[in-house]
Chemist: 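Quick one: the structure is below, and I'll ask about it shortly.
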There are 2 protein chains.
Amino acid sequence: MNGFLKSVCELSPLSEDAVNELSECLCSADFKKGETIHQEGKICKHLFFVESGLAKHQYFHEGSQFIFRFFEDNQFFIATDCFFNNLPAHYSTIALEDSEISYLKYEDFENLCSKYHCFETFARKFVSIVAYTAISNLKGLLYLDATARYAKFLNEYGHLQQRISLGDTAAFLGISQVSLSRIRSRK
Amino acid sequence: MNGFLKSVCELSPLSEDAVNELSECLCSADFKKGETIHQEGKICKHLFFVESGLAKHQYFHEGSQFIFRFFEDNQFFIATDCFFNNLPAHYSTIALEDSEISYLKYEDFENLCSKYHCFETFARKFVSIVAYTAISNLKGLLYLDATARYAKFLNEYGHLQQRISLGDTAAFLGISQVSLSRIRSRK
DNA sequence: GATAGTTTTTTACAAATGTAAAAAAATCAC
DNA sequence: GTGATTTTTTTACATTTGTAAAAAACTATC
């Protein structure tokens with residue numbers, strides 16, 4: 001059983017029928033370090049899952065890179081604009097390491113949702129996690145200064161510190177790399 | 001039919017049974033301007049709805065007020081920490097005007113979700129909007145400077161400008177009131 | 001319309017962060 | 001290992017934002 005299926009069942013148990021039908025729909029793809037998993041400006045409605053590797057949601061604004069989130073092994077991700085609103089993606093997702101990605105096409109996702117109550121329950125719980133994580137990050141940006149945000153980052157993503165460059169960390173915190181370097185030297 | 005019920009059906013049509021059972025569960029309460037709808041630090045798992053009035057999600061950090069979102073007529077809101085994770089609320093919700101609030105208790109929400117597939121679908125779509133809004137605000141905080149965030153605020157909440165004080169606007173933008181005043185005088 | 005209270009703007013100065021460029025350190029390829 | 005490339009740190013200076021306090025503008029009430 002692959003990680004996608006296992007993670008779905010852990011979040012919300014599926015009926016045997018639902019498991020079988022989901023299994024048949026699942027796709028897989030490999031990405032080398034630096035490759036684009038989906039591209040800003042295009043519509044890509046898959047529900048993705050990191051079987052192994054590491055990825056980032058990346059956006060460029062006035063020449064600077066900003067990172068909304070990192071996704072490590074066993075995490076789902078989506079292009080929110082596409083998935084929720086059928087709009088072109090506002091950001092790209094880039095592999096930070098060689099990564100194996102599973103995905104479910106949106107038509108299949110919607111079909112499973114309407115066919116199986118248990119899958120709809122999974123979908124609600126998955127979206128709840130997306131919402132909760134976004135709000136948690138939003139809070140940090142709103143009322144924490146850069147030093148406190150870096151401490152929060154170390155707390156939540158500390159185990160990834162070796163795998164994420166200083167530039168990417170700064171882009172996630174919304175500060176310049178120089179500023180992050182200053183913060184690190186201060187303590 | 002009250003606004004709560006109507007908004008649920010607009011987001012996702014409910015079966016007659018589901019409508020009837022939901023109607024019986026709905027509660028209502030009135031709040032005067034300045035009153036607390038739910039209190040930071042306590043667990044409050046209701047799904048709230050603003051029938052009329054205006055409210056804010058408010059949090060104090062090191063003596064300063066921060067506002068996560070405003071909620072006007074016909075909008076749902078929740079205390080996310082409580083609703084999603086059964087944790088004490090990280091913020092309070094305060095009425096900015098005399099407000100009529102409908103709400104559904106979480107036990108009833110969960111019960112309706114498991115009993116009616118159509119209600120579970122509503123729940124997923126509602127949570128999707130929570131997620132999408134949070135991510136939209138997150139983006140703004142991450143890569144826009146204060147001036148651009150204020151322009152975004154005017155664009156999205158402009159119709160509420162008369163009803164929201166400068167102090168509350170600044171608290172929403174994550175900047176000082178002085179700084180917001182400077183931005184306004186600049187243009 | 002006068003007074004008191006609140007909200008918004010202005011001022012002056014301090015602190016934090018950004019930009020650009022150079023130096024230092026770490027990593028990679030051969 | 002050596003040189004080339006990339007990443008991180010340091011430096012100097014400009015800009016933005018914050019804090020505190022005072023002035024001005026606006027509201028509400030009598």
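Any value given below was found using the heavy atoms of this structure, including those in side chains, with hydrogens, waters and symmetry copies removed. Labels below follow one simple rule: chain letters A, B, ... track the order of the sequence lines, proteins then strands, and each chain is numbered from 1.
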Chemist: Whether the B:Tyr106 and B:Glu110 side chains hold a donor-acceptor pair (N or O, under 3.5 Å, no angle test) is what I'd like checked.
Modeler: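 Looking only at side-chain atoms, B:Glu110 and B:Tyr106 do form a donor-acceptor pair, the distance falling under 3.5 Å.
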Chemist: Separation of A:Leu173 atom CG from C:dG18 atom P, in whole Å?
Modeler: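 Taking CG of A:Leu173 and P of C:dG18, I get 10 Å after rounding.
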Chemist: Could you tell me whether A:Ile175 contacts a base, only the sugar-phosphate backbone, or nothing, with contacts defined as non-hydrogen atoms closer than 4.0 Å?
Modeler: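 Sugar-phosphate contact only.
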Chemist: Report the nucleotide, chosen from D:dT19, C:dG18, D:dT9, that has the shortest atom-to-atom distance to any side-chain atom of A:Leu166.
Modeler: D:dT9
Chemist: Are the aromatic rings of A:Phe77 and A:Phe48 close, with centres under 6.0 Å apart?
Modeler: yes
Chemist: Given atom CG of B:Asp145 and atom C1' of C:dT19, what is their separation to the nearest angstrom?
Modeler: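 Rounded to the whole Å, the gap is 15 Å.
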Chemist: Centroid separation under 6.0 Å, is that true for the rings of A:Phe119 and A:Phe109?
Modeler: yes
Chemist: Starting the side chain at C-beta, find the nucleotide from C:dG18, D:dT17, C:dT9 nearest to B:Ser179.
Modeler: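 Per side-chain heavy atoms of B:Ser179, the pick is D:dT17.
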Chemist: Rounded to whole Å, please give me the gap between CD1 in A:Ile183 and P in D:dT10.
Modeler: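 Answer to the nearest Å: 13 Å.
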Chemist: Nearest to the side chain of A:Arg182 - C:dT8, D:dT11, D:dT17?
Modeler: D:dT11
Chemist: Expressed as a whole number of angstroms, how long is the span from A:Arg149:CZ to C:dT17:C1'?
Modeler: 11 Å
Chemist: Side chain of A:Ser185: nearest nucleotide among D:dG18, C:dT17, D:dT10?
Modeler: D:dT10
Chemist: Where each residue is assigned the nucleotide of DNA chain C containing its nearest heavy atom, which of A:Val178 and A:Ala146 is assigned the position nearer the 5′ end?
Modeler: A:Ala146
Chemist: Any chance the side chains of A:Glu120 and B:Thr121 put a donor and an acceptor closer than 3.5 Å?
Modeler: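 Indeed, the side chains of A:Glu120 and B:Thr121 share at least one donor-acceptor pair under 3.5 Å.
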Chemist: In whole angstroms, how far is the P atom of D:dT17 from the CG atom of A:Leu141?
Modeler: 15 Å
Chemist: Tell me the closest heavy-atom pair linking A:Asp168 and A:Phe70, and the distance in Å.
Modeler: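 Nearest pair, atom of A:Asp168 first, then A:Phe70: O-CZ, 3.7 Å.
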Chemist: Please determine whether a side-chain nitrogen or oxygen atom of B:Arg184 lies at a distance below 4.0 Å from atom OP1 or OP2 of C:dT9.
Modeler: yes
Chemist: Send over the distance from A:Ile164 CD1 to D:dT8 C1', rounded to a whole Å.
Modeler: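 Atom-to-atom, A:Ile164 to D:dT8, this comes out as 16 Å.
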Chemist: Quick one: on DNA chain C, does A:Ser64 or B:Asp168 contact a more 5' nucleotide (nearest heavy atom)?
Modeler: B:Asp168
Chemist: Between atom CD in A:Gln177 and atom C1' in D:dT9, what is the gap in whole Å?
Modeler: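 The answer, rounded to whole Å, is 9 Å.
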Chemist: The side chain of A:Ser176 lies closest to which of these nucleotides: C:dA12, C:dT8, C:dT19?
Modeler: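 Closest of the options to the side chain of A:Ser176: C:dT19.
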Chemist: Output the rounded distance in Å from CG (A:Leu180) to P (D:dT8).
Modeler: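 From A:Leu180 CG to D:dT8 P: 9 Å.
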